[in-house]
4 protein chains.
Amino acid sequence: MSKSSQTGDEDRRTGPKRSEASRIAVQQAAIVELNEHGWRGFSVDRVAKRAKASKQTIYKWWQGPALLAVEAVLDTLPEIVEEDGNPEFKVAALISPLIAAMRNGDGAHIWRGVLLAAADDPDASEVFREWMHRDIRQPLRHVLAREANLGHIRRDWEIDFALELLVGPIWQRLLGMRGPIPERYAERLAESVMAYHYKDAPKG
Amino acid sequence: MSKSSQTGDEDRRTGPKRSEASRIAVQQAAIVELNEHGWRGFSVDRVAKRAKASKQTIYKWWQGPALLAVEAVLDTLPEIVEEDGNPEFKVAALISPLIAAMRNGDGAHIWRGVLLAAADDPDASEVFREWMHRDIRQPLRHVLAREANLGHIRRDWEIDFALELLVGPIWQRLLGMRGPIPERYAERLAESVMAYHYKDAPKG
Amino acid sequence: MSKSSQTGDEDRRTGPKRSEASRIAVQQAAIVELNEHGWRGFSVDRVAKRAKASKQTIYKWWQGPALLAVEAVLDTLPEIVEEDGNPEFKVAALISPLIAAMRNGDGAHIWRGVLLAAADDPDASEVFREWMHRDIRQPLRHVLAREANLGHIRRDWEIDFALELLVGPIWQRLLGMRGPIPERYAERLAESVMAYHYKDAPKG
Amino acid sequence: MSKSSQTGDEDRRTGPKRSEASRIAVQQAAIVELNEHGWRGFSVDRVAKRAKASKQTIYKWWQGPALLAVEAVLDTLPEIVEEDGNPEFKVAALISPLIAAMRNGDGAHIWRGVLLAAADDPDASEVFREWMHRDIRQPLRHVLAREANLGHIRRDWEIDFALELLVGPIWQRLLGMRGPIPERYAERLAESVMAYHYKDAPKG
DNA sequence: AGATAAACGAGACGGTACGTCACGTCTTAGG
DNA sequence: CCTAAGACGTGACGTACCGTCTCGTTTATCT
């Protein structure tokens, strides 16, 4: 669960705790709504009605529709696991859960919504950026740093560019949205990142 | 000017013509509004008020806020010009007007709005996609096809992937939006496309 | 035809005359529209479209929708004819064309619209009032003045009250509008006027 | 208060009640607007602005501008009180609150608006008709029925006609609207009703 | 026979209001 | 104190009509 949906304080003393049932109902409803109406038609009122929750409760735990949508979907991603293999494979592994999610039925539609929600709202954007930083950029830096021939890729802007090469094309796919995501898409993106960086690598 | 804001028929015989002054006022107002309030706060009412136009007129010529925003900005892009030079340079030239626009003052903010507007609405998305197809994908295909070592890049999905590698990272930049777009960005994207495709190229 | 739809000047020198065909088409269309949509939904745009006339033409000859509606209907009333008979009969004759019109198919609906149109707009109201003055109040005054026993009914407010007794109930019918106008309605109204005034008459 | 502005259910259990302050502010604003702009210029937007209420709230409790106007004014009428005296006086008493309201400053203007609003809209018309039925027609029937010499006035259409004689002239006054309502107007109308019906009465 | 001018169809335009929808805040009552 | 239910002010949506205006065509009368 992301930060903003946590209580944060541990010394709360009285009254009932936050209802987990309510949280789950709201997030599930949010995903269904995002799928059925897209980000454009996403509405807190409808989520509340569907989840049989009150708007007050939603606004208490989420700052607004954008954060609600973004967190609801991000919370469904699996934990990141360190994979073994050659660096290309490791890089591909960073985005393959994302790509798997998008291939899964309405996944593309939903993730499109997330992207838009994140872009619409500064706070949601921040949450999204943090997720990407933690779950993709950080591991990516590790892989690149440890890889013998790419040890020279260290500076922030270099990592940023690698990240852009890795995930940017996914957004283009998502926004253009023609047909399903092809096979081996993650692998090809990883190859592209590698190809760009190896060209500067010291030959050996 | 994009398709939907043209009359299309040349044999209309009577009645006043579409007011060019009104069209320009509306599109300029739209850009200002997009800059000041972002896509989230973009409102036809305000555009109308600022342009001293009536909502009815706007809705007559544009289907809604999304198309209004997208066209207003796309119409400001310069015509595409064929450039000379090596293939990498030619590819970079395809996106450098876009990148130049984004570097220009509020450009990034505005283009972010365009991207969101296009993603929010199917029709705006279509207009945006057509623009990209015509102004970027088509020339890209030409460059790749003529380039000796890349003549094997022919199939649609190959072009699509090259396109994704070329523009995807820009969207990631735009959505993440930290700091300005670095120097030689277009060139680096072009290099990345080339690096990926040359790796499959028959060695010569 | 009422005043405002006449040209008024005889020294026009050049150009075509007012098109009678257009005038008729517009007035007929107006009546149909008044019937189909009531006064609430009466729209110059639709009248113009139905009559294949241009709005400009309509606004040239009529000041606005209210006058258009009122005149269109008033122009369908027959000329007033002096009738013979006892005073009660003569009084009834003053309103029987009106009542006949209201009984005629959609007449009630249409006249309801006229009443509303007249009340909505000062100019239309004036036209309506003039019609009533000329076609009902004036003849009514004559009848009352000539009738032996009612010669004492002379002052303006007395005539006005008689007029109110005579036509007021019709408006109440029109606004309440339950069921058709009963038989002998005009006669009963005339009786009521007489009954009220005879009670003050010098016995003889 | 009229029917449509009541909640109707008494077993609602949770949530805020309807705000009485808002209801009052809206109805008062409605009356002021009706007075200043007449029915023609009556606009929900302006009422909302003046009452510092939201359009949504207004549309929640009133079906539209017509019902808003009609109810706002009808709600200002005093309760009906049974009066003592001869039948003529009793009949006059039925309409004297109405006539008093019309004499009161801008009353005529406002009531004119009510009449038009009621005529413009079927639902408003129904509310108006119900009010008239309950507050005028019903008591009128009682008075006529109990009066020795008029016991023969029983059938619906007879009552209806009496009602038309009684209130119709008021509408004619309201629509023609020249000068103030004269003195003893209610009494004269009552006399007229009586005069008409006594003429058929069995001589005693 | 032009030239002149008005009438006319079509319809674009700036406005204002309509009736609906969503946001985010606030109020009430139940657990 | 958390929650469901939902009323409320704010403001945008997309549509309809008003009354003015500009086009280009079609008559009539005047030179």
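Reminder, nothing fancy here: chain letters follow the sequence lines and each chain counts from 1.
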Nearest-Å distance for atom pair CD/P, residues C:Glu20 and E:dA7: 14 Å
Between E:dG14 (C1') and B:Lys60 (NZ): distance, integer Å: 14 Å
5' precedence on DNA chain E between B:Ala48 and C:Lys52 (nearest-nucleotide basis): C:Lys52
B:Leu67 CG to F:dC13 P, straight-line distance once rounded to whole Å: 14 Å
Atom pair distance, as rounded to whole Å: CZ in D:Arg23 and P in F:dA7: 16 Å
Sugar-phosphate, base or nothing in reach of A:Ala53, heavy atoms under 4.0 Å: sugar-phosphate
Quiz item: D:Thr14 side-chain donor-acceptor pair to E:dT28 base, under 3.5 Å: yes
For atom CZ of B:Arg18 and atom C1' of E:dG14, their distance in whole Å: 15 Å
Nucleotide E:dT16, atom C1' - distance to NE2 of D:His37 in whole Å: 13 Å
Length of the CD1-P vector between B:Ile58 and E:dG15, whole Å: 11 Å
Cation-pi geometry met for D:Arg18 and D:Trp61 (6.0 Å, 45°): yes
Salt bridge (charged side-chain N to carboxylate O under 4.0 Å, His left out) pairs, two or more places apart, involving residues 51-70 of chain D: D:Asp45-D:Lys55
Counterpart residues, side-chain hydrogen bond (donor to acceptor under 3.5 Å, both in side chains), relative to B:Ser54 (two or more places apart): B:Thr57
Short side-chain N/O contact to E:dG14 OP1/OP2 from B:Thr57, under 4.0 Å: yes
C:Glu36: side-chain contact (heavy atoms from CB on, under 4.5 Å) partners, not counting sequence neighbours: C:Val32, C:Arg50
Ring pair (Phe, Tyr, Trp, His ring centres under 6.0 Å) partners of A:Tyr59, counting only residues at least two apart: none
Sugar-phosphate or base contact per nucleotide [nucleotides 17-23 of chain E; S, B, -; heavy atom under 4.0 Å]: SBBBBSB
Residue-phosphate contact under 4.0 Å: D:Lys17 side-chain N/O, F:dC8 OP1/OP2: no
Distance test, side-chain N/O of D:Trp61 to OP1/OP2 of F:dA7, below 4.0 Å: no
Sequence-distant partners of A:Ser125, side-chain hydrogen bond (donor to acceptor under 3.5 Å, both in side chains), two or more places apart: none
Rounded distance in Å - CH2 (C:Trp62) to P (F:dG19): 15 Å
Student check: side-chain heavy atoms of C:Leu115 and C:Trp39 closer than 4.5 Å: no
